[in-house]
Amino acid sequence: MREWIIYADEEEFSREQAQTLEKAMQGFVKTDIPLAVEFAFVDGEEIRRLNRELRQTDKITDVLSFPALDGIKGKPFKEKEHAFELDEEGNLLIGSIAVCKDRAKEQAEEYGHSFQRELNYLLVHGVMHCLGYDHVTDEEKAEMREQEEKVLKKAGIPRE
């Protein structure tokens, strides 16, 4: 069974790139159904609008996550518990992620690593939010970063 399904515009994020992340996420959570996530790539003005309207923060940000489920962190996904939430292909959508590619490019330069590393980091970061991880406290942040780095390393995208 394919555990992860990534929906993304192939002009923005190739099928090969999506498959790399899908494989890296294999085994990250226990599931007997495919988990789906959708990636949208937007410009600075669009992410600012989303941030303003949905978070009441009028500024450009790098990534916004829109989890579809609550209270799922660390829990297994079982078809019998989500039967009414599956799409027509039998996948469970865990959320949507909007990434500002302009901001990702700026941050890649700022942090001294490649755009692809930054883009993949932001996508994995968004997936973690959709899985219930957060970074409000230092403890949560450390846990989330550790999980992000595990996935990125497995994808062959370590810190540069």
Side-chain angles (χ1 to χ4, degrees), residues 2-9 12-31 33-44 46-48 50-52 54-77 91-160:
R2 196 167 147 202
E3 283 183 24
W4 287 90
I5 312 294
I6 293 175
Y7 298 116
D9 179 343
E12 299 284 348
F13 196 70
S14 73
R15 187 69 210 129
E16 182 181 330
Q17 289 171 299
Q19 288 173 332
T20 298
L21 275 186
E22 289 171 354
K23 288 176 186 171
M25 293 295 297
Q26 293 285 96
F28 187 77
V29 296
K30 293 183 184 200
T31 183
I33 49 177
L35 304 177
V37 65
E38 52 188 6
F39 296 155
F41 300 95
V42 299
D43 64 18
E46 179 63 8
I47 206 140
R48 181 178 188 164
L50 289 168
N51 207 16
R52 181 178 59 246
L54 301 171
R55 298 182 64 233
Q56 292 72 51
T57 303
D58 190 14
K59 69 176 190 173
I60 293 174
T61 190
D62 51 5
V63 61
L64 292 172
S65 301
F66 305 97
L69 305 167
D70 292 322
I72 60 171
K73 182 181 170 194
K75 295 182 181 175
F77 292 91
N91 305 321
L92 177 64
L93 180 68
I94 64 161
S96 301
I97 298 155
V99 172
C100 178
K101 287 184 88 173
D102 299 333
R103 188 68 189 116
K105 287 175 187 169
E106 291 169 5
Q107 288 178 177
E109 282 185 32
E110 184 180 324
Y111 300 139
H113 54 242
S114 72
F115 170 68
Q116 283 305 312
R117 201 285 182 205
E118 184 66 16
L119 181 63
N120 279 280
Y121 167 75
L122 294 173
L123 293 169
V124 170
H125 182 82
V127 170
M128 292 299 154
H129 276 302
C130 290
L131 289 171
Y133 290 85
D134 210 339
H135 45 83
V136 175
T137 68
D138 288 342
E139 184 178 283
E140 289 174 330
K141 184 177 182 177
E143 178 187 32
M144 189 170 179
R145 293 290 181 265
E146 179 182 338
Q147 299 307 319
E148 291 164 347
E149 291 302 325
K150 281 181 187 177
V151 172
L152 289 167
K153 185 176 181 182
K154 194 173 171 185
I157 308 167
R159 282 198 180 272
E160 296 173 353

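These numbers come from the heavy atoms of this one structure, side chains and all, not from hydrogens, waters or symmetry mates. Bear in mind the structure is a predicted one, so any value in this text is a computation, not a measurement.
With a 4.5 Å cut-off on side-chain heavy atoms, Val151 and Met128 count as touching. By the 4.5 Å heavy-atom criterion applied to side chains, Met25 and Leu131 are counted as neighbours.
There is no side-chain donor-acceptor pair under 3.5 Å between Glu3 and Thr31.
For the salt bridge (Lys or Arg N to Asp or Glu O under 4.0 Å) with Arg145, the qualifying choice from Glu149, Glu143, Glu148 is Glu148, the only one to do so. With Arg52 as the partner, the side-chain contact (heavy atoms from CB on, under 4.5 Å) test is satisfied by one option alone out of Arg48, Gln56, Arg55: Arg48.
Between Phe28 and Tyr133, the ring planes are tilted. Angles from 30° to 60° get that label. Between Tyr121 and His125, the ring planes lie tilted relative to each other; the angle falls in the 30° to 60° range.
The salt bridge (charged side-chain N to carboxylate O under 4.0 Å, His left out) analysis of residues 12-25, with sequence neighbours excluded, yields the pairs Arg2-Glu22, Glu12-Lys101, Arg15-Glu22.
Crowding of Glu139 atom CD: a count of heavy atoms from other residues, nucleotides or ligands under 6.0 Å not exceeding 12. The environment of Lys153 atom NZ is sparse: at most 12 non-hydrogen atoms of other residues, nucleotides or ligands sit within 6.0 angstrom. Within a 6.0 Å sphere centred on CD of Glu140, heavy atoms belonging to other residues, nucleotides or ligands number more than 12. Atom CG of Asp70 sits in a sparse spot, with 12 or fewer heavy atoms from other residues, nucleotides or ligands closer than 6.0 Å.
Using modelled atom types, no side-chain atom of Lys59 and backbone atom of Asn51 make a donor-acceptor pair closer than 3.5 Å. No donor-acceptor pair under 3.5 Å is formed between the side chain of Thr20 and the backbone N or O of Ala18. No donor-acceptor pair under 3.5 Å is formed between the side chain of Lys150 and the backbone N or O of Glu146.
Under the side-chain contact (heavy atoms from CB on, under 4.5 Å) criterion, Tyr111 pairs with Gln107, His113, Glu118, sequence neighbours left out.
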